[in-house]
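All chains are named by letter (A, B, ...) in the order of the sequence lines, taking the proteins before the strands, and each is independently numbered beginning at 1. Side chains included, hydrogens not; waters and symmetry mates left out as well; all remaining heavy atoms used.
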Number of protein chains: 2
Amino acid sequence: MPPSSQKATMHDVSRLAGVSKMTVSRVLADPDLVSESTRNKVMKAIEQLSYVPDRVAGSLSSRRTNFITAILPTLTNSNFADTAQGLAEAMRPADYQLLIGYTMYRLEEEERIIRAMLARRPDAIVVAGTTHTKAANEMMLRAGIPIVEIWDTPEHPIDHAVGFSNYEVGRAAALHLLALGHRRIGALGSRMDSDAKDLRGESRLAGFTSVLREAGLGDELVIREGLAPVSYDHGALTLGVLLERAPDVEAVFAVSDISAVGALMECHRRGIQVPDDLSLMGFGDFDIARQCVPAITTIRIDAELIGRKTGELLLQVLDHSADADNSPASAINVGFELVTRQTTALSKKQL
Amino acid sequence: MPPSSQKATMHDVSRLAGVSKMTVSRVLADPDLVSESTRNKVMKAIEQLSYVPDRVAGSLSSRRTNFITAILPTLTNSNFADTAQGLAEAMRPADYQLLIGYTMYRLEEEERIIRAMLARRPDAIVVAGTTHTKAANEMMLRAGIPIVEIWDTPEHPIDHAVGFSNYEVGRAAALHLLALGHRRIGALGSRMDSDAKDLRGESRLAGFTSVLREAGLGDELVIREGLAPVSYDHGALTLGVLLERAPDVEAVFAVSDISAVGALMECHRRGIQVPDDLSLMGFGDFDIARQCVPAITTIRIDAELIGRKTGELLLQVLDHSADADNSPASAINVGFELVTRQTTALSKKQL
DNA sequence: ACTTGTAATGTTATCGATAACATGCTTCAT
DNA sequence: ATGAAGCATGTTATCGATAACATTACAAGT
């Protein structure tokens, strides 16, 4: 460990500058309140002592930590990483620090994390998803701070929400494949295990099957295998399962581009022509989906935008928190967009 | 905002349980110190009041925040996300919370972040990279807490280090391509801009060119274009630049698998056969490199392991921090491994 | 019986800042 | 001239916990 020089406190600075602690505090928090000459004296003292203010003490005193808790399923999914980055970016000018926790798609873990995070007294909580354990829900309700549920559209929001409808995403996917004339349509998702469940992915599958049923088709080709988070392997494996169940499948929707890419590569390996033999689409508009050959049809959501919008919303709410609870709980729908690329094509049967 | 019930303090709990604050504190920190009957009373009071301890106050008092600062170039690179996850995983049992900052590959930004983070009084700092601004270096030296530089092997470590030699990675890549009989060898990297520079990628390129020169080859095919972080597009674009400069190039090393994948897809689009027309390799062993068709030869580093090892090291050091500065600064080299797959093959000229 | 040890709990003094109010000194309109 | 207003600064009281030391009660050893 490097040599520890005794850390200087605000008191040390004030003595060296010949002013009171409060003046030092003002120089740091609101320089305009202090005359230029004193300000310079204080700045010099800060410099000389390499003083770094102690925000722990500051937070206790001011009852504001400038921490924002962000609870996401995982960091190793570029979509969520984008959201985190967008949120961090939006909050940075206001000097907020992100406290990131990840749940591994487990609700009990989410509850544990919320409890642990609340002890840090964050100024707000951002949480992915709209389904939480009872205890988690109560803790957030009681917390007395703004809560933002993101990445879906909650029916009963705790407070604010920023996201899109995963259910509608699933419907849009199914409608696209149907419109191309496909009838043997499948999907690749993950298992709804008690260990780990991708509730948003499941919503997409639910929307997807709802359309299939409306079209008089069954949902027997909707595969749920493997645990969240999905991977390239997941796509490859579940495609294998699907092909075994229905060698004549014409079109497939994967709940994530990652799975879609894995499935596409599996097609390459098996000599299945995409989209001639099989139409394939994903979700998320990951970079790789655009870069793949052939480029993958997908549903674009702007993950970074979700983060940024959430940040902007919070800045506004936190700023007005002075004038009591007049902050109306807002629900922002950022929408999504079907991006047709090269992996989906008209059914040959139609031709 | 949800209704804010007044938050209960430890004092409230102690009154309700009919004990002193200190006893409540003990129940939470070291339950064995308290008799079973009092402990139960206290627990009941905690439950009744939905008491959540205030770690801000606790940290100020105990002078330990249980925060670990992790400073990484970006979160949207699965390698760094893996490292973060590994670190978080290792520290979690000891109840440490990660404070993540990302620099966007900019040293000035790193300095800014270090300064901001130090105000939170972390118990340790983990920072990617071994090159820092002068001010950043001094701040870390002065901080009086363990510092771990990761993702490279520093010549002059500030304190501890966990990583591998990027320079040797570059050498291994060049040696592999040379061993296959290639002589027209190029590389794809990013520009060393003042805005953003990937110093570790640059080390890999340096090691790479050192071998080329030893073999009597020039480095004119080492492309440095675009800003870090690299992307699939980056790989596609720089490959284009390289092909323009040397249509007869035989083998290429990309500083990242991401670039390598982008380059591979560009080859697909241009009808260049890999590895028949061109050998291609990357770095990082990203999932996508293994899944690609053809699967990409790469250099595997275990990013998650770097995080985990760092965590274990810190737990040990922080635990012993009681017995003064007896913690020997350790430098752990986790090494790397060349993974030969389908994108590199013997030079045809040799045949 | 008397020290001594130890287990369980309480008391007091911080930790390093900020909020809220108080003070002193100018300035300026009337 | 004078008092209200405003600027620049200081004082005092917290914020909610933990460390360190103090106390009490009872058991065990001699």
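- Under the 6.0 Å distance and 45° angle rule, B:R120 counts as a cation-pi partner of A:F67.
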Review point. Could you walk me through whether B:E110 and B:I71 pass the side-chain contact (heavy atoms from CB on, under 4.5 Å) check?
Key: CA-CA 7 Å; B:E110 180 184 281; B:I71 299 172; 4.2 Å; yes
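- Backbone-only engagement by A:V34 is indicated by non-hydrogen atom pairs under 4.0 Å involving sugar-phosphate atoms exclusively.
- Projected onto DNA chain C by closest heavy-atom contact, B:L33 and B:R121 fall at different nucleotides, the more 5' of which corresponds to B:L33.
- Atom CE of A:M139 and atom CD1 of A:I147 lie 10.5 Å apart (nearest 0.5 Å).
- Between the CE atom of A:M22 and the C1' atom of C:dA20 there is a distance of 9 Å, given to the nearest Å.
- Taking side-chain N and O atoms only, A:T9 has no distance below 4.0 Å to OP1 or OP2 of C:dC15.
- Among C:dT9, D:dG10, D:dA8, the nucleotide with an atom closest to any side-chain atom of A:V19 is D:dG10.
- The distance from atom CG of A:L28 to atom C1' of C:dG16 is 13 Å, rounded to the nearest whole Å.
- The nearest whole Å value for the distance from the CG atom in B:D12 to the P atom in D:dG16 is 9 Å.
- For the residue pair A:E111 / A:T133, a side-chain donor-acceptor distance below 3.5 Å is found, with atom types taken as modelled.
- Nearest to the side-chain atoms of A:S20 among the listed nucleotides D:dT11, C:dA19, D:dG16 stands D:dT11.
- Spacing between atom CG of B:D54 and atom P of D:dA17 amounts to 5 Å, rounded to whole angstrom units.
- Side-chain N/O atoms of A:S61 and base N/O atoms of C:dT18 include a donor-acceptor pair closer than 3.5 Å.
- Although no hydrogens or angles enter the test, the distance criterion places no donor-acceptor pair under 3.5 Å between the side chain of B:D152 and the main chain of B:P154.
- Note: NZ (B:K21) to P (D:dC15) measures 10 Å, nearest angstrom.
- At the heavy-atom level, A:S59 lies nowhere under 4.0 Å from the strands shown.
- When the P atom of D:dA17 is taken as reference, atom CZ of A:R120 falls 14 Å away, rounded to whole Å.
- Among D:dG16, C:dA8, C:dA17, the nucleotide with an atom closest to any side-chain atom of A:R63 is D:dG16.
- Between B:S62 and C:dC15 there is no side-chain N or O to OP1 or OP2 distance below 4.0 Å.
- Counting distance only, with no hydrogens placed and no angle test, the side-chain atoms of B:R26 and the base atoms of C:dG10 include a donor-acceptor pair under 3.5 Å.
- Nearest-nucleotide positions on DNA chain D place A:E36 closer to the 5' end than the other of A:L60 and A:E36.
- Across all non-hydrogen atoms, the minimal contact from A:Y102 to B:E89 is OH-OE1, 2.9 Å.
- Atom pair A:N40:CG and D:dA8:P shows a separation of 14 Å (rounding to whole Å applied).
- Each of A:A57 and B:R39 lies near DNA chain C, and the nucleotide nearest B:R39 is the one positioned closer to the 5' end.
- One finds no side-chain N or O of B:Y51 lying less than 4.0 angstrom from the OP1 or OP2 phosphate oxygen of D:dG16.
- The phosphate of D:dG10 (OP1 or OP2) has a side-chain N or O of A:T23 nearer than 4.0 angstrom.
- Rounded to whole Å, the distance from CG on A:D30 to C1' on C:dT18 is 13 Å.
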